[in-house]
Amino acid sequence: MARIRAEKEATLREVLAEVSLLDVGRLLKSTLLTLGCLGIFYAIIFGVGAVASNATGFTVSDLGIPGGVFWIFVAWVFVFGATSDRSFHEWNASWFFPKLEWFSSLLLAAYIVGFIYLNIHIFSMELGAERALAAVTFWLGYAGPFLLFFSAINIGHAKLLEKRAQVTANE
């Protein structure tokens, strides 16, 4: 079991060395689908939170903690718990995401919360050219680089494991 785990583990440098732009283009569509599903998940979670808040009369602002800090902490708990001791390929998923230490998981959590807050701000704007320009700028400047990075590490990890399998088969 330990040998199988060691064969699947890879550094980010090894993974990115296996990536080409053509590979990134192929997986970009599936990554956007994943983000869409994540958006639906958060919409449901926030909807349930709003209903519970209205039913009880209790809000996060009653705690005296700024909302952004509270949500970064909540997101960090989930991100750190999911990525601290294993990478996602061990869950038999079709994608790869590396193990993260506490600080990098905190950065990812802040990025996710920023993604949500910026989307809320963009969707609260009046319909028109300014909103469309803000949405395009957001996707190209904020979400796009992360999606490309995510796609690149997925492709690189798959290619690296394929090379390792060929070496093992030849031995």
Side-chain angles (χ1 to χ4, degrees), residues 2 5-19 23-24 27-28 30-53 56 58-125 134-158 160-161:
R5 177 179 290 173
E7 290 173 359
K8 287 186 176 182
E9 293 298 330
T11 64
L12 189 58
R13 184 176 304 230
E14 289 175 312
V15 168
L16 289 177
E18 301 295 328
V19 177
D23 295 328
V24 172
L27 287 181
L28 193 56
S30 64
T31 304
L32 289 174
L33 180 64
T34 301
L35 266 182
C37 292
L38 186 63
I40 292 169
F41 171 75
Y42 277 122
I44 291 170
I45 293 298
F46 286 138
V48 169
V51 168
S53 176
T56 62
F58 183 75
T59 63
V60 174
S61 62
D62 293 340
L63 298 174
I65 301 171
V69 172
F70 175 79
W71 286 115
I72 288 174
F73 177 74
V74 169
W76 177 68
V77 167
F78 285 106
V79 170
F80 183 70
T83 62
S84 64
D85 62 346
R86 61 188 172 272
S87 52
F88 283 97
H89 61 78
E90 291 187 19
W91 291 350
N92 295 324
S94 61
W95 44 275
F96 168 79
F97 199 82
K99 292 188 290 188
L100 299 177
E101 299 294 326
W102 73 270
F103 185 71
S104 52
S105 63
L106 180 63
L107 289 177
L108 180 60
Y111 187 88
I112 291 169
V113 171
F115 178 84
I116 293 168
Y117 270 93
L118 286 172
N119 269 317
I120 290 170
H121 178 69
I122 289 171
F123 284 117
S124 68
M125 295 174 71
V136 167
T137 303
F138 168 75
W139 281 102
L140 293 178
Y142 192 82
F146 179 76
L147 295 176
L148 288 175
F149 177 72
F150 187 70
S151 296
I153 62 175
N154 283 309
I155 295 164
H157 187 259
L160 181 65
L161 288 183

Quiz item: Hey, are the side chains of N119 and F138 touching, using non-hydrogen atoms and a 4.5 Å cut-off?
Solution: yes
Practice problem: Enter the distance from F41:CZ to I44:CD1 here, rounded to the nearest 0.5 Å. | Solution: 8.5 Å
Exercise. Enter the distance from L107:CG to W102:CH2 here, rounded to the nearest 0.5 Å.
Key: 9.0 Å
Quiz item: Do you know which two heavy atoms are closest between A109 and A75, and how far apart they sit?
Solution: CB-C, 3.7 Å
Identify every side-chain donor-acceptor pair in residues 139-146 under 3.5 Å, counting partners at least two apart or on other chains, and give the distances.
{"unit_1": "Y142", "atom_1": "OH", "unit_2": "Y111", "atom_2": "O", "d": "2.9"}

Quiz item: Quick one: side-chain contact (heavy atoms from CB on, under 4.5 Å) partners of A134, sequence neighbours excluded?
Solution: I122, M125
Quiz item: Is the number of heavy atoms from other residues, nucleotides or ligands under 6.0 Å of Y117 OH greater than 12?
Solution: yes
Self-check item: Non-neighbouring partners of A110 that pass side-chain contact (heavy atoms from CB on, under 4.5 Å), sequence neighbours left out
Solution: I72
